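So the structure is just underneath, and the comments pick up after that.
Nothing here was measured: the structure is a model prediction, and the numbers come from that model.
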There are 2 protein chains.
Amino acid sequence: MPDFFADKHLFHNPVEFALSKIGGSYKMPILWRLKDKAWRYSALASSIPHISDRMLSKSLKELLNDGFISKEIFPEVPPRTEYNITERGKKAVIIITALRNYGLDLMKDFGIAQE
Amino acid sequence: MPDFFADKHLFHNPVEFALSKIGGSYKMPILWRLKDKAWRYSALASSIPHISDRMLSKSLKELLNDGFISKEIFPEVPPRTEYNITERGKKAVIIITALRNYGLDLMKDFGIAQE
DNA sequence: CAGTATCCCAGGAGATACTG
DNA sequence: CAGTATCTCCTGGGATACTG
């Protein structure tokens with residue numbers, strides 16, 4: 001696996017590429033919540049620990065641009081916005097689930113309590 | 001899943017914990033190479049693109065401390081050092097393989113050429 | 001050969017303020 | 001409600017030099 005360019009950025013392996021798309025502190029938490037139902041912006045904001053509007057907005061926009069989620073705006077009063085997962089996003093959820101289970105195993109392995 | 005502390009650091013979910021152990025630019029490439037044979041320091045250094053001694057040494061030390069790899073020093077002249085994967089490291093390789101395959105799929109999905 | 005020690009920088013993320 | 005705009009800060013990683 002040689003280096004390759006994508007999005008004007010150099011990558012050294014497929015894992016780097018994958019994490020450039022769904023990595024960072026918030027994209028997986030967002031996709032994880034969208035996996036089985038639509039969420040509103042404000043619901044995501046209050047559900048994800050410590051996220052700022054800036055990071056939520058930024059993450060949603062990138063996931064949208066990369067086709068992992070879709071957005072629907074309902075012209076009500078007040079207006080309502082809903083985010084949904086796409087087919088591409090569903091594939092991401094599979095690997096997020098695997099990573100999450102691995103993380104849980106590792107925590108047990110390291111003797112870290114969880115609830 | 002509430003927040004939890006480990007290694008004097010706050011985590012919000014199991015994925016964060018997993019990536020704190022095997023994330024970063026070099027730990028997965030190292031584990032990936034060690035998965036089926038022992039490697040010497042210098043071989044890793046010349047195999048992993050662009051890695052500096054500082055980052056190789058730092059990554060190896062952390063993987064060692066966290067029990068993902070082991071190290072054996074042969075008192076020859078000149079001295080030889082070999083790194084091996086452990087049982088814990090082998091479990092990590094499983095998820096790295098999954099992430100790698102996901103990355104390859106995603107690259108295809110985004111129309112990125114690979115060799 | 002197999003590392004360690006310093007210095008430095010970019011970009012991911014936090015804090016705060018503002019808007020259609 | 002659903003965001004955007006600034007400014008700042010921190011830390012992962014780069015560059016360089018040195019050693020048993």
Side-chain angles (χ1 to χ4, degrees), chain A residues 3 7-13 15-16 19-30 33-34 38-66 69-84, chain B residues 3 7-13 15-30 33-34 38-66 69-84:
Chain A
D3 296 358
D7 308 322
K8 304 173 182 173
H9 203 279
L10 181 64
F11 296 97
H12 308 298
N13 59 63
V15 174
E16 272 187 8
L19 291 182
S20 78
K21 293 300 182 186
I22 62 169
S25 296
Y26 299 114
K27 287 181 178 176
M28 293 195 204
I30 290 170
R33 281 165 180 77
L34 296 187
W39 283 64
R40 302 179 61 168
Y41 180 95
S42 53
L44 288 169
S46 55
S47 165
I48 299 174
H50 321 303
I51 197 171
S52 64
D53 277 329
R54 173 181 132 81
M55 288 312 295
L56 178 53
S57 151
K58 198 164 166 295
S59 304
L60 287 171
K61 188 180 293 181
E62 290 175 15
L63 288 172
L64 218 40
N65 286 340
D66 286 333
I69 64 177
S70 63
K71 172 182 182 171
E72 192 172 3
I73 304 179
F74 299 89
E76 308 170 353
V77 183
R80 176 164 55 103
T81 310
E82 281 189 356
Y83 291 92
N84 281 277
Chain B
D3 296 358
D7 309 321
K8 304 173 183 175
H9 203 279
L10 180 64
F11 296 97
H12 307 299
N13 59 63
V15 174
E16 273 188 6
F17 180 75
L19 291 181
S20 79
K21 293 299 182 185
I22 63 170
S25 295
Y26 300 112
K27 288 180 177 176
M28 293 194 204
I30 291 170
R33 280 165 180 77
L34 296 185
W39 282 65
R40 301 180 62 167
Y41 180 94
S42 53
L44 288 169
S46 56
S47 165
I48 299 174
H50 320 304
I51 197 170
S52 63
D53 278 329
R54 172 180 133 81
M55 288 312 295
L56 178 53
S57 153
K58 197 164 167 292
S59 305
L60 287 171
K61 187 180 293 180
E62 290 174 14
L63 288 171
L64 219 38
N65 286 340
D66 286 332
I69 63 177
S70 64
K71 172 182 183 172
E72 191 171 6
I73 303 179
F74 299 90
E76 307 171 350
V77 183
R80 175 163 55 102
T81 310
E82 281 189 357
Y83 291 92
N84 280 279

From [atom1] of [X] over to [atom2] of [N], roughly how many Å is that when rounded to an integer?
X: A:L56; N: C:dA13; atom1: CG; atom2: P; result: 13 Å
X: B:L10; N: D:dT11; atom1: CG; atom2: P; result: 13 Å
X: B:K58; N: D:dA15; atom1: NZ; atom2: C1'; result: 15 Å
X: A:I48; N: D:dG3; atom1: CD1; atom2: P; result: 13 Å
X: A:L19; N: C:dG12; atom1: CG; atom2: C1'; result: 14 Å
X: A:K27; N: C:dG12; atom1: NZ; atom2: C1'; result: 11 Å
X: B:I51; N: D:dG12; atom1: CD1; atom2: P; result: 15 Å
X: B:L60; N: C:dT4; atom1: CG; atom2: P; result: 9 Å

Which part of the nucleic acid, if any, lies within contact of [X], taking any heavy atom under 4.0 Å across all strands shown: a base, the sugar-phosphate backbone alone, or nothing?
X: B:S57; value: base
X: A:F74; value: nothing
X: A:R80; value: sugar-phosphate
X: B:K61; value: sugar-phosphate
X: A:R40; value: sugar-phosphate

Under a 3.5 Å limit for both distances, which nucleotide forms a Watson-Crick or G-U wobble pair with D:dA5, could you say?
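C:dT16 - that is the nucleotide pairing with D:dA5, both distances being under 3.5 Å.
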When you compare the side chains of B:S47 and B:R33, does any donor N or O come within less than 3.5 Å of an acceptor on the partner?
yes
How close do A:P29 and B:N13 get, counting heavy atoms only, and between which atoms?
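A:P29 and B:N13 have their closest heavy atoms at CG-ND2, 3.9 Å.
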Work out which heavy atom in B:Y26 is nearest to a heavy atom in B:S59; give both atom names and the distance.
CB-OG, 3.8 Å
Could you please name the option among D:dG13, C:dA13, D:dG3 that lies closest to any side-chain atom of A:M55?
C:dA13
Quick one, A:N84 and A:W39 - any side-chain contact, counting heavy atoms below 4.5 Å?
no
Min side-chain heavy-atom separation B:S20-B:F11 under 4.5 Å
yes
Tell me whether the side-chain N/O atoms of [X] come closer than 4.0 Å to OP1 or OP2 in [N].
X: A:Y26; N: C:dG14; answer: yes
X: B:K71; N: C:dG3; answer: yes
X: A:S52; N: C:dA15; answer: no

Toward the 5' end of DNA chain C, which comes first, A:G23 or A:P79, by nearest nucleotide?
A:G23
Ignoring hydrogens and angles, are the base of D:dG3 and the side chain of A:R54 linked by a donor-acceptor pair under 3.5 Å?
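No, the side chain and the base share no sub-3.5 Å donor-acceptor pair.
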